[in-house]
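Basis for what follows: all heavy atoms, side chains included, without hydrogens, waters or symmetry-related copies.
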Amino acid sequence: MTELGELVGQLMQASEDPYPTYDRIREHSRVCWVPDLGRWLVTGHREVLAVLNHGRVSVDRRRYGTAPDDDNGGYRPGGLPFVDPPDHTRLRSLVQDSFSPKTVARLRPEVQRLTDELLTRAAERGEMDLIADFAGPLPAIVLAGLLGIPARDQAMFRSWAMTIIETIDPVSHRVVSEDGHQARTDLTAYLTEVVAARRRRPEDDLISRMVRAEESGQRLTAAELLEMCLLLAIVGLETTTNLIGNGMSALLAHPAQLRRLREDPALVRGAVEELLRYDAPVQLAGRVAAEDIELAGQALRQGQVIGLVLGAANRDPLAFPLPDRLDIARGPANHVGFGRGIHFCLGAATARLEGAVAITALVTRFPDLRQSGAVKRRQNVHVRGFESLPLALN
Ligand code: HEM
(Lines give C-alpha, C1' and ligand atoms only; values in the text may rest on other atoms or scores of the structure.)
Protein backbone atom coordinates (compact mmCIF):
# COMPACT_ATOMS: atom_id res chain seq x y z
CA MET A 1 0.00 0.00 0.00
CA THR A 2 1.22 3.51 -0.79
CA GLU A 3 2.10 5.98 1.97
CA LEU A 4 -1.02 7.90 0.99
CA GLY A 5 -3.08 4.71 1.20
CA GLU A 6 -1.79 4.10 4.73
CA LEU A 7 -2.63 7.64 5.77
CA VAL A 8 -6.13 7.35 4.40
CA GLY A 9 -6.47 4.00 6.17
CA GLN A 10 -5.62 5.72 9.45
CA LEU A 11 -8.16 8.41 8.69
CA MET A 12 -10.92 5.90 8.11
CA GLN A 13 -10.51 4.51 11.61
CA ALA A 14 -12.30 7.48 13.19
CA SER A 15 -9.32 8.31 15.32
CA GLU A 16 -9.23 10.35 18.52
CA ASP A 17 -7.17 12.99 16.77
CA PRO A 18 -7.31 12.95 12.97
CA TYR A 19 -5.58 16.33 12.62
CA PRO A 20 -1.93 15.15 12.38
CA THR A 21 -3.01 12.72 9.63
CA TYR A 22 -4.83 15.53 7.80
CA ASP A 23 -1.62 17.58 7.96
CA ARG A 24 0.43 14.78 6.43
CA ILE A 25 -2.06 14.24 3.61
CA ARG A 26 -2.20 18.01 2.93
CA GLU A 27 1.62 18.17 2.91
CA HIS A 28 1.67 15.24 0.48
CA SER A 29 -0.72 17.06 -1.84
CA ARG A 30 -3.57 19.50 -1.26
CA VAL A 31 -5.57 17.76 -3.97
CA CYS A 32 -4.68 14.10 -4.39
CA TRP A 33 -6.04 11.06 -6.15
CA VAL A 34 -6.33 8.18 -3.70
CA PRO A 35 -6.32 4.90 -5.66
CA ASP A 36 -7.37 2.90 -2.57
CA LEU A 37 -10.55 4.98 -2.33
CA GLY A 38 -11.01 5.62 -6.04
CA ARG A 39 -11.59 9.31 -5.41
CA TRP A 40 -9.95 12.66 -5.01
CA LEU A 41 -9.25 14.00 -1.55
CA VAL A 42 -9.04 17.75 -1.04
CA THR A 43 -7.45 18.99 2.18
CA GLY A 44 -6.37 22.60 1.41
CA HIS A 45 -8.66 25.44 2.50
CA ARG A 46 -8.43 27.38 -0.76
CA GLU A 47 -9.01 24.23 -2.80
CA VAL A 48 -12.00 23.10 -0.69
CA LEU A 49 -13.55 26.55 -1.18
CA ALA A 50 -12.88 26.36 -4.91
CA VAL A 51 -14.82 23.09 -5.16
CA LEU A 52 -17.70 24.25 -2.91
CA ASN A 53 -18.10 27.38 -5.08
CA HIS A 54 -17.50 25.61 -8.40
CA GLY A 55 -20.33 25.83 -10.91
CA ARG A 56 -19.48 22.48 -12.50
CA VAL A 57 -19.56 20.11 -9.57
CA SER A 58 -22.63 18.17 -8.52
CA VAL A 59 -23.99 16.46 -5.40
CA ASP A 60 -25.92 13.90 -7.43
CA ARG A 61 -23.65 10.91 -7.96
CA ARG A 62 -26.37 8.84 -9.60
CA ARG A 63 -26.52 11.34 -12.45
CA TYR A 64 -22.89 10.69 -13.27
CA GLY A 65 -23.01 6.94 -12.86
CA THR A 66 -20.67 6.86 -9.87
CA ALA A 67 -23.08 6.06 -7.06
CA PRO A 68 -21.58 3.61 -4.52
CA ASP A 69 -21.77 -0.11 -5.29
CA ASP A 70 -24.24 -0.58 -2.46
CA ASP A 71 -26.60 1.94 -4.01
CA ASN A 72 -29.23 -0.66 -4.66
CA GLY A 73 -31.90 -0.38 -2.05
CA GLY A 74 -32.69 0.56 1.52
CA TYR A 75 -33.40 4.02 2.81
CA ARG A 76 -31.00 6.90 2.45
CA PRO A 77 -31.87 10.50 3.32
CA GLY A 78 -32.69 12.54 0.25
CA GLY A 79 -33.62 16.11 -0.55
CA LEU A 80 -31.60 19.33 -0.42
CA PRO A 81 -28.03 18.06 0.10
CA PHE A 82 -28.39 15.47 -2.64
CA VAL A 83 -29.98 17.47 -5.48
CA ASP A 84 -28.58 20.01 -7.95
CA PRO A 85 -30.25 23.14 -9.33
CA PRO A 86 -32.92 23.76 -10.47
CA ASP A 87 -34.56 21.34 -7.96
CA HIS A 88 -32.18 22.49 -5.25
CA THR A 89 -33.02 26.17 -5.81
CA ARG A 90 -36.76 25.44 -5.69
CA LEU A 91 -36.61 23.31 -2.53
CA ARG A 92 -34.24 25.63 -0.71
CA SER A 93 -36.32 28.74 -1.45
CA LEU A 94 -39.25 27.12 0.35
CA VAL A 95 -37.46 26.73 3.66
CA GLN A 96 -34.81 29.44 3.51
CA ASP A 97 -36.89 32.12 5.27
CA SER A 98 -37.73 29.87 8.20
CA PHE A 99 -34.00 29.47 8.91
CA SER A 100 -32.84 33.03 8.21
CA PRO A 101 -30.82 34.72 10.97
CA LYS A 102 -33.68 37.20 11.49
CA THR A 103 -36.34 34.49 11.96
CA VAL A 104 -34.05 32.38 14.09
CA ALA A 105 -33.21 35.31 16.39
CA ARG A 106 -36.83 35.15 17.56
CA LEU A 107 -36.11 31.70 19.02
CA ARG A 108 -33.55 33.07 21.48
CA PRO A 109 -35.84 33.42 24.54
CA GLU A 110 -37.13 29.87 24.05
CA VAL A 111 -33.61 28.44 23.58
CA GLN A 112 -32.52 30.29 26.73
CA ARG A 113 -35.52 28.98 28.68
CA LEU A 114 -34.89 25.36 27.61
CA THR A 115 -31.19 25.71 28.40
CA ASP A 116 -31.92 27.04 31.88
CA GLU A 117 -34.48 24.33 32.52
CA LEU A 118 -32.15 21.48 31.47
CA LEU A 119 -29.19 22.92 33.40
CA THR A 120 -31.22 23.56 36.56
CA ARG A 121 -32.24 19.93 36.58
CA ALA A 122 -28.60 18.88 36.15
CA ALA A 123 -27.35 21.33 38.80
CA GLU A 124 -29.59 19.68 41.38
CA ARG A 125 -27.69 16.46 40.79
CA GLY A 126 -24.30 18.20 40.67
CA GLU A 127 -23.25 16.22 37.61
CA MET A 128 -24.42 15.31 34.16
CA ASP A 129 -23.54 13.59 30.96
CA LEU A 130 -23.20 16.61 28.69
CA ILE A 131 -24.47 14.68 25.66
CA ALA A 132 -27.37 12.68 27.13
CA ASP A 133 -28.62 15.31 29.56
CA PHE A 134 -28.11 18.55 27.66
CA ALA A 135 -26.42 18.73 24.23
CA GLY A 136 -28.61 15.89 22.88
CA PRO A 137 -32.06 17.05 24.05
CA LEU A 138 -31.64 20.80 23.41
CA PRO A 139 -31.43 20.77 19.56
CA ALA A 140 -34.16 18.12 19.34
CA ILE A 141 -36.61 20.21 21.37
CA VAL A 142 -35.75 23.34 19.37
CA LEU A 143 -36.18 21.61 15.99
CA ALA A 144 -39.40 19.90 17.05
CA GLY A 145 -40.71 23.34 18.09
CA LEU A 146 -39.69 24.87 14.74
CA LEU A 147 -41.42 22.12 12.79
CA GLY A 148 -44.50 22.33 14.99
CA ILE A 149 -44.29 18.96 16.74
CA PRO A 150 -46.45 19.21 19.90
CA ALA A 151 -44.52 19.24 23.19
CA ARG A 152 -46.04 15.93 24.32
CA ASP A 153 -44.54 14.13 21.28
CA GLN A 154 -41.09 15.71 21.33
CA ALA A 155 -39.38 12.94 23.34
CA MET A 156 -40.71 10.36 20.88
CA PHE A 157 -39.61 12.51 17.91
CA ARG A 158 -36.09 12.71 19.30
CA SER A 159 -35.90 9.03 20.03
CA TRP A 160 -36.89 8.09 16.44
CA ALA A 161 -34.51 10.67 14.97
CA MET A 162 -31.62 9.46 17.16
CA THR A 163 -32.24 5.80 16.26
CA ILE A 164 -32.14 6.69 12.55
CA ILE A 165 -28.98 8.79 12.95
CA GLU A 166 -27.22 6.08 14.94
CA THR A 167 -27.94 3.45 12.34
CA ILE A 168 -26.85 5.40 9.28
CA ASP A 169 -23.72 3.90 7.77
CA PRO A 170 -21.07 6.63 7.50
CA VAL A 171 -19.90 5.50 4.06
CA SER A 172 -23.08 4.62 2.19
CA HIS A 173 -25.27 7.05 4.17
CA ARG A 174 -27.86 4.29 4.36
CA VAL A 175 -29.85 3.10 7.31
CA VAL A 176 -28.34 -0.31 7.94
CA SER A 177 -30.26 -1.86 10.85
CA GLU A 178 -33.76 -3.17 11.54
CA ASP A 179 -34.13 -0.67 14.39
CA GLY A 180 -33.24 2.15 12.03
CA HIS A 181 -35.80 1.02 9.44
CA GLN A 182 -38.47 0.67 12.09
CA ALA A 183 -37.71 4.16 13.48
CA ARG A 184 -37.87 5.63 10.00
CA THR A 185 -41.22 3.90 9.31
CA ASP A 186 -42.60 5.18 12.63
CA LEU A 187 -41.29 8.71 12.17
CA THR A 188 -42.64 8.86 8.62
CA ALA A 189 -46.07 7.68 9.77
CA TYR A 190 -46.03 10.20 12.60
CA LEU A 191 -44.98 13.11 10.33
CA THR A 192 -47.64 12.10 7.80
CA GLU A 193 -50.23 12.57 10.55
CA VAL A 194 -48.83 15.95 11.58
CA VAL A 195 -48.88 17.10 7.94
CA ALA A 196 -52.51 15.96 7.59
CA ALA A 197 -53.43 17.83 10.80
CA ARG A 198 -51.76 21.04 9.55
CA ARG A 199 -53.59 20.68 6.25
CA ARG A 200 -56.87 20.73 8.17
CA ARG A 201 -55.81 23.48 10.56
CA PRO A 202 -52.63 25.44 9.71
CA GLU A 203 -50.55 26.96 12.50
CA ASP A 204 -47.53 29.22 12.59
CA ASP A 205 -44.87 26.56 12.07
CA LEU A 206 -42.59 25.24 9.34
CA ILE A 207 -44.78 22.25 8.44
CA SER A 208 -47.80 24.55 7.95
CA ARG A 209 -45.72 26.85 5.73
CA MET A 210 -44.56 23.91 3.61
CA VAL A 211 -48.13 22.61 3.34
CA ARG A 212 -49.21 26.03 2.06
CA ALA A 213 -46.41 25.95 -0.53
CA GLU A 214 -47.48 22.51 -1.65
CA GLU A 215 -51.15 23.50 -1.95
CA SER A 216 -50.43 26.77 -3.71
CA GLY A 217 -49.16 25.30 -6.93
CA GLN A 218 -46.93 22.29 -7.20
CA ARG A 219 -43.76 23.92 -5.96
CA LEU A 220 -43.37 21.10 -3.48
CA THR A 221 -44.73 17.60 -3.82
CA ALA A 222 -46.23 15.80 -0.84
CA ALA A 223 -43.30 13.33 -0.95
CA GLU A 224 -40.77 16.17 -0.95
CA LEU A 225 -42.48 17.77 2.02
CA LEU A 226 -42.13 14.59 4.07
CA GLU A 227 -38.58 14.10 2.88
CA MET A 228 -37.67 17.61 4.04
CA CYS A 229 -39.04 16.96 7.54
CA LEU A 230 -37.13 13.68 7.79
CA LEU A 231 -33.96 15.30 6.46
CA LEU A 232 -34.06 18.11 9.01
CA ALA A 233 -34.48 15.58 11.81
CA ILE A 234 -31.48 13.66 10.51
CA VAL A 235 -29.03 16.48 9.74
CA GLY A 236 -30.08 19.08 12.32
CA LEU A 237 -29.71 17.22 15.59
CA GLU A 238 -26.44 15.37 16.04
CA THR A 239 -24.47 18.16 14.35
CA THR A 240 -25.61 20.75 16.89
CA THR A 241 -25.15 18.28 19.75
CA ASN A 242 -21.56 17.85 18.59
CA LEU A 243 -20.92 21.59 18.34
CA ILE A 244 -21.78 21.85 22.04
CA GLY A 245 -19.92 18.61 22.96
CA ASN A 246 -16.76 19.18 20.89
CA GLY A 247 -16.78 22.86 21.84
CA MET A 248 -16.96 22.23 25.58
CA SER A 249 -14.37 19.47 25.36
CA ALA A 250 -11.97 21.86 23.57
CA LEU A 251 -12.58 24.62 26.13
CA LEU A 252 -12.03 22.25 29.05
CA ALA A 253 -8.73 21.20 27.48
CA HIS A 254 -7.73 24.90 27.20
CA PRO A 255 -8.45 26.38 30.66
CA ALA A 256 -7.04 29.84 29.79
CA GLN A 257 -9.49 30.15 26.88
CA LEU A 258 -12.33 28.89 29.07
CA ARG A 259 -11.46 31.50 31.73
CA ARG A 260 -11.34 34.23 29.11
CA LEU A 261 -14.83 33.38 27.89
CA ARG A 262 -16.17 33.12 31.44
CA GLU A 263 -14.80 36.58 32.24
CA ASP A 264 -16.06 38.11 29.00
CA PRO A 265 -19.12 36.23 27.68
CA ALA A 266 -19.47 38.83 24.91
CA LEU A 267 -16.71 36.86 23.16
CA VAL A 268 -19.09 33.94 22.64
CA ARG A 269 -20.00 34.58 19.00
CA GLY A 270 -16.38 34.48 17.91
CA ALA A 271 -15.75 31.57 20.28
CA VAL A 272 -18.46 29.47 18.58
CA GLU A 273 -16.86 30.16 15.15
CA GLU A 274 -13.43 29.22 16.47
CA LEU A 275 -14.79 26.01 18.00
CA LEU A 276 -16.42 25.12 14.67
CA ARG A 277 -13.06 25.64 13.00
CA TYR A 278 -11.02 23.87 15.64
CA ASP A 279 -13.08 20.67 15.85
CA ALA A 280 -15.79 20.68 13.19
CA PRO A 281 -18.83 18.43 13.81
CA VAL A 282 -19.05 17.69 10.06
CA GLN A 283 -15.62 16.61 8.84
CA LEU A 284 -16.38 15.58 5.27
CA ALA A 285 -18.45 16.67 2.30
CA GLY A 286 -18.67 15.07 -1.12
CA ARG A 287 -19.09 16.18 -4.70
CA VAL A 288 -18.78 14.70 -8.18
CA ALA A 289 -17.17 16.48 -11.15
CA ALA A 290 -19.98 17.38 -13.59
CA GLU A 291 -17.39 17.89 -16.34
CA ASP A 292 -13.60 17.77 -16.64
CA ILE A 293 -12.21 20.46 -14.35
CA GLU A 294 -8.80 21.61 -13.20
CA LEU A 295 -8.00 22.09 -9.56
CA ALA A 296 -4.61 23.15 -8.17
CA GLY A 297 -2.91 21.84 -11.30
CA GLN A 298 -4.69 18.47 -11.19
CA ALA A 299 -7.04 17.27 -13.91
CA LEU A 300 -10.31 15.96 -12.48
CA ARG A 301 -12.39 13.95 -14.94
CA GLN A 302 -16.14 14.11 -15.31
CA GLY A 303 -17.83 11.65 -12.94
CA GLN A 304 -14.92 11.40 -10.51
CA VAL A 305 -15.82 11.70 -6.85
CA ILE A 306 -14.27 14.49 -4.78
CA GLY A 307 -13.98 14.09 -1.00
CA LEU A 308 -13.70 17.46 0.74
CA VAL A 309 -12.04 17.19 4.13
CA LEU A 310 -13.58 20.20 5.87
CA GLY A 311 -11.78 19.39 9.12
CA ALA A 312 -8.41 19.53 7.30
CA ALA A 313 -9.23 22.77 5.48
CA ASN A 314 -10.05 24.33 8.86
CA ARG A 315 -6.52 23.53 10.08
CA ASP A 316 -4.71 24.65 6.91
CA PRO A 317 -1.76 26.88 7.99
CA LEU A 318 -2.06 28.88 4.75
CA ALA A 319 -5.54 30.02 5.86
CA PHE A 320 -5.15 30.10 9.66
CA PRO A 321 -1.86 31.08 11.32
CA LEU A 322 -0.95 28.56 14.06
CA PRO A 323 -3.99 26.46 13.11
CA ASP A 324 -3.66 23.98 15.97
CA ARG A 325 -4.00 26.70 18.56
CA LEU A 326 -7.45 27.39 19.98
CA ASP A 327 -7.97 31.15 20.12
CA ILE A 328 -11.52 32.25 20.83
CA ALA A 329 -10.70 35.81 19.71
CA ARG A 330 -9.06 34.74 16.44
CA GLY A 331 -11.20 37.18 14.46
CA PRO A 332 -13.15 36.98 11.20
CA ALA A 333 -14.30 33.43 10.66
CA ASN A 334 -13.44 31.90 7.34
CA HIS A 335 -13.87 28.29 8.36
CA VAL A 336 -15.76 25.78 6.24
CA GLY A 337 -17.50 24.04 9.15
CA PHE A 338 -20.87 24.89 7.60
CA GLY A 339 -19.67 24.35 4.03
CA ARG A 340 -19.98 27.18 1.49
CA GLY A 341 -21.73 27.97 -1.78
CA ILE A 342 -25.24 26.90 -2.68
CA HIS A 343 -25.33 24.02 -0.16
CA PHE A 344 -24.15 26.21 2.75
CA CYS A 345 -25.74 24.82 5.92
CA LEU A 346 -29.40 25.76 6.07
CA GLY A 347 -29.38 25.47 9.86
CA ALA A 348 -26.25 27.59 10.49
CA ALA A 349 -28.11 30.41 12.26
CA THR A 350 -30.00 27.92 14.44
CA ALA A 351 -26.83 26.05 15.35
CA ARG A 352 -24.95 29.29 16.08
CA LEU A 353 -27.73 30.49 18.35
CA GLU A 354 -27.98 27.21 20.25
CA GLY A 355 -24.20 26.90 20.48
CA ALA A 356 -23.82 30.44 21.85
CA VAL A 357 -26.64 30.16 24.40
CA ALA A 358 -25.59 26.68 25.56
CA ILE A 359 -21.87 27.38 25.87
CA THR A 360 -22.39 30.73 27.61
CA ALA A 361 -24.72 29.12 30.14
CA LEU A 362 -22.32 26.24 30.84
CA VAL A 363 -19.24 28.37 31.38
CA THR A 364 -20.88 31.18 33.36
CA ARG A 365 -23.18 29.11 35.51
CA PHE A 366 -20.66 26.51 36.67
CA PRO A 367 -17.32 28.04 37.75
CA ASP A 368 -16.01 24.62 38.82
CA LEU A 369 -17.09 22.80 35.67
CA ARG A 370 -14.79 19.85 34.94
CA GLN A 371 -14.67 16.48 33.24
CA SER A 372 -15.51 13.77 35.74
CA GLY A 373 -14.91 10.50 33.92
CA ALA A 374 -13.83 8.81 30.72
CA VAL A 375 -15.32 10.21 27.52
CA LYS A 376 -16.63 7.98 24.74
CA ARG A 377 -16.22 9.03 21.12
CA ARG A 378 -18.65 8.21 18.34
CA GLN A 379 -17.12 5.86 15.79
CA ASN A 380 -17.88 7.95 12.74
CA VAL A 381 -15.37 9.61 10.44
CA HIS A 382 -17.96 11.89 8.89
CA VAL A 383 -19.76 13.36 11.89
CA ARG A 384 -17.29 13.93 14.73
CA GLY A 385 -18.50 13.98 18.30
CA PHE A 386 -18.92 12.24 21.63
CA GLU A 387 -21.33 9.57 22.73
CA SER A 388 -20.69 10.43 26.35
CA LEU A 389 -18.91 13.30 28.13
CA PRO A 390 -19.38 13.19 31.93
CA LEU A 391 -19.09 16.50 33.78
CA ALA A 392 -19.00 17.53 37.44
CA LEU A 393 -20.81 20.84 37.87
CA ASN A 394 -20.25 21.97 41.46
C1 HEM B 1 -23.16 22.90 14.30
C2 HEM B 1 -24.14 22.32 13.65
C3 HEM B 1 -24.10 22.06 12.18
C4 HEM B 1 -23.04 21.84 11.35
C5 HEM B 1 -21.56 21.80 11.72
C6 HEM B 1 -23.57 21.65 10.02
C7 HEM B 1 -22.78 21.43 8.90
C8 HEM B 1 -23.26 21.41 7.61
C9 HEM B 1 -22.43 21.35 6.43
C10 HEM B 1 -20.91 21.24 6.42
C11 HEM B 1 -23.25 21.37 5.35
C12 HEM B 1 -22.84 21.38 3.87
C13 HEM B 1 -22.65 20.00 3.32
C14 HEM B 1 -22.20 20.04 1.88
O15 HEM B 1 -21.89 21.08 1.32
O16 HEM B 1 -22.15 18.94 1.29
C17 HEM B 1 -24.61 21.42 5.85
C18 HEM B 1 -25.75 21.43 5.07
C19 HEM B 1 -27.02 21.39 5.57
N20 HEM B 1 -27.39 21.52 6.89
FE21 HEM B 1 -26.17 21.75 8.47
N22 HEM B 1 -24.94 21.73 10.07
C23 HEM B 1 -25.30 22.00 11.36
C24 HEM B 1 -26.59 22.19 11.85
C25 HEM B 1 -27.73 22.12 11.08
C26 HEM B 1 -29.08 22.32 11.57
C27 HEM B 1 -29.45 22.70 13.00
C28 HEM B 1 -29.92 22.12 10.51
C29 HEM B 1 -31.42 22.18 10.41
C30 HEM B 1 -32.24 22.25 11.39
C31 HEM B 1 -29.08 21.81 9.35
C32 HEM B 1 -29.55 21.55 8.10
C33 HEM B 1 -28.77 21.44 6.97
C34 HEM B 1 -29.31 21.23 5.63
C35 HEM B 1 -30.79 21.08 5.26
C36 HEM B 1 -28.21 21.20 4.76
C37 HEM B 1 -28.25 21.03 3.25
C38 HEM B 1 -28.32 22.39 2.62
C39 HEM B 1 -28.33 22.34 1.11
O40 HEM B 1 -27.94 21.33 0.52
O41 HEM B 1 -28.75 23.35 0.51
N42 HEM B 1 -27.77 21.82 9.74
N43 HEM B 1 -24.60 21.48 7.23
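- Remark: side-chain polar atoms of Arg212 are not paired, donor with acceptor, to backbone N or O of Ile207 under 3.5 angstrom.
- Nearest heavy-atom pair, Thr115 versus Ala358, reported as atom, atom and distance to 0.1 Å: CG2-CA, 4.3 Å.
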Step by step, work out the ring-ring contact (aromatic ring centres under 6.0 Å, His included) result for His335 and His45.
CA-CA 8 Å; His335 66 77; His45 183 266; 9.1 Å; no
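- Between Arg198 and Glu193, none of the side-chain N atoms (NZ, or NE/NH1/NH2) sits under 4.0 Å from a carboxylate O, so this pair counts as no salt bridge.
- In this structure, Leu237 CG and Leu232 CG are separated by 9.0 Å, a value rounded to the nearest 0.5 Å.
- Ion pairing of Asp292 with Arg56 is absent here, as no side-chain N (NZ or NE/NH1/NH2) approaches a carboxylate O to less than 4.0 Å.
- For the residue pair Thr103 and Ser100, a side-chain donor N or O sits within less than 3.5 Å of a side-chain acceptor on the partner.
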side-chain hydrogen bond (donor to acceptor under 3.5 Å, both in side chains) evaluation trace for Ser388 with Asp129:
CA-CA 6 Å; Ser388 163; Asp129 186 309; 2.8 Å; yes
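- Looking at heavy atoms from C-beta onward, Leu258 lies out of side-chain contact with His254 at the 4.5 angstrom threshold.
- Taking 4.5 Å as the limit, every side-chain heavy atom of Asp60 sits out of range of all side-chain heavy atoms of Phe82.
- Between Trp160 and Tyr190, the ring planes lie tilted relative to each other; the angle falls in the 30° to 60° range.
- Side-chain contact between Asp316 and Arg30 is present, with at least one heavy-atom pair separated by less than 4.5 Å.
- Counting non-hydrogen atoms of neighbouring residues, nucleotides and ligands closer than 6.0 angstrom, the CZ atom of Arg262 exceeds 12 such neighbours.
- Using the six-membered ring where Trp is involved, His88 and His343 have ring planes that are tilted, between 30° and 60° apart.
- When the shell of 6.0 Å around CD of Glu203 is examined, it contains more than 12 heavy atoms from other residues, nucleotides or ligands.
- Within the model, atoms CG of Leu225 and CD of Glu227 stand 10.5 Å from one another, a figure rounded to the nearest 0.5 Å.
- Ile131 CD1 to Met248 CE: the interatomic distance, rounded to the nearest 0.5 Å, is 10.5 Å.
- Residues Arg287 and Ser58 form no side-chain contact, since every pair of their non-hydrogen atoms from C-beta on lies 4.5 Å or further apart.
- Arg384 places none of its side-chain heavy atoms less than 4.5 Å from the side chain of Arg378.
- Between Asp84 and Arg63, the closest side-chain pair of non-hydrogen atoms falls below 4.5 Å.
- Taking NE2 of His54 as the start and CD1 of Ile342 as the end, the distance is 13.0 Å to the nearest 0.5 Å.
- The CD atom of Glu387 lies 12.5 Å from the OG1 atom of Thr241; values are rounded to the nearest 0.5 Å.
- Side-chain N or O atoms of Glu238 include none that pairs as donor or acceptor with a backbone N or O of Val235 at under 3.5 Å.
- Side-chain atoms of Asn246 and Tyr278 form no donor-acceptor pair, as typed in the model, at a separation below 3.5 Å.
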Tell me, with the steps shown, if Glu16 and Arg377 meet side-chain contact (heavy atoms from CB on, under 4.5 Å).
CA-CA 8 Å; Glu16 283 291 301; Arg377 266 209 175 276; 3.6 Å; yes
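- Dense packing is recorded around CZ of Arg125, with more than 12 heavy atoms of other residues, nucleotides or ligands lying under 6.0 Å away.
- Checking side-chain atoms of Gln298 against main-chain N and O of Val31 turns up a donor-acceptor pair under 3.5 Å.
- The pair Lys102-Asp97 does not meet the salt-bridge criterion, since no charged nitrogen lies less than 4.0 angstrom from a carboxylate oxygen.
- Ion pair Arg260/Asp327 flagged as a salt bridge, since at least one NZ, NE, NH1 or NH2 atom sits closer than 4.0 Å to an Asp/Glu carboxylate oxygen.
- Remark: side-chain polar atoms of Thr364 are paired, donor with acceptor, to backbone N or O of Thr360 under 3.5 angstrom.
- Contact check on Arg113 versus Asp116 returns no salt bridge, with no Lys/Arg side-chain nitrogen under 4.0 Å from an Asp/Glu carboxylate oxygen.
- Cation-pi geometry between Arg315 and Tyr22 is not met at under 6.0 angstrom from the ring centre and within 45 degrees of the axis.
- Looking at heavy atoms from C-beta onward, Val142 lies in side-chain contact with Leu107 at the 4.5 angstrom threshold.
- Contact annotation: the side chain of Gln112 never approaches that of Glu117 to less than 4.5 Å [non-hydrogen atoms, C-beta and beyond].
- Annotation: Arg370, atom CZ; neighbour count of heavy atoms from other residues, nucleotides and ligands within 6.0 Å is above 12.
- With respect to Arg277 and Glu273, no salt bridge is recorded, no charged nitrogen being found less than 4.0 Å from a carboxylate O.
- To the nearest 0.5 Å, atom CG of residue Leu147 and atom CZ of residue Phe157 are 5.5 Å apart.
- Counted within 6.0 Å of CG on Asp204, heavy atoms from surrounding residues, nucleotides or ligands total 12 or fewer; the atom is thus considered open.
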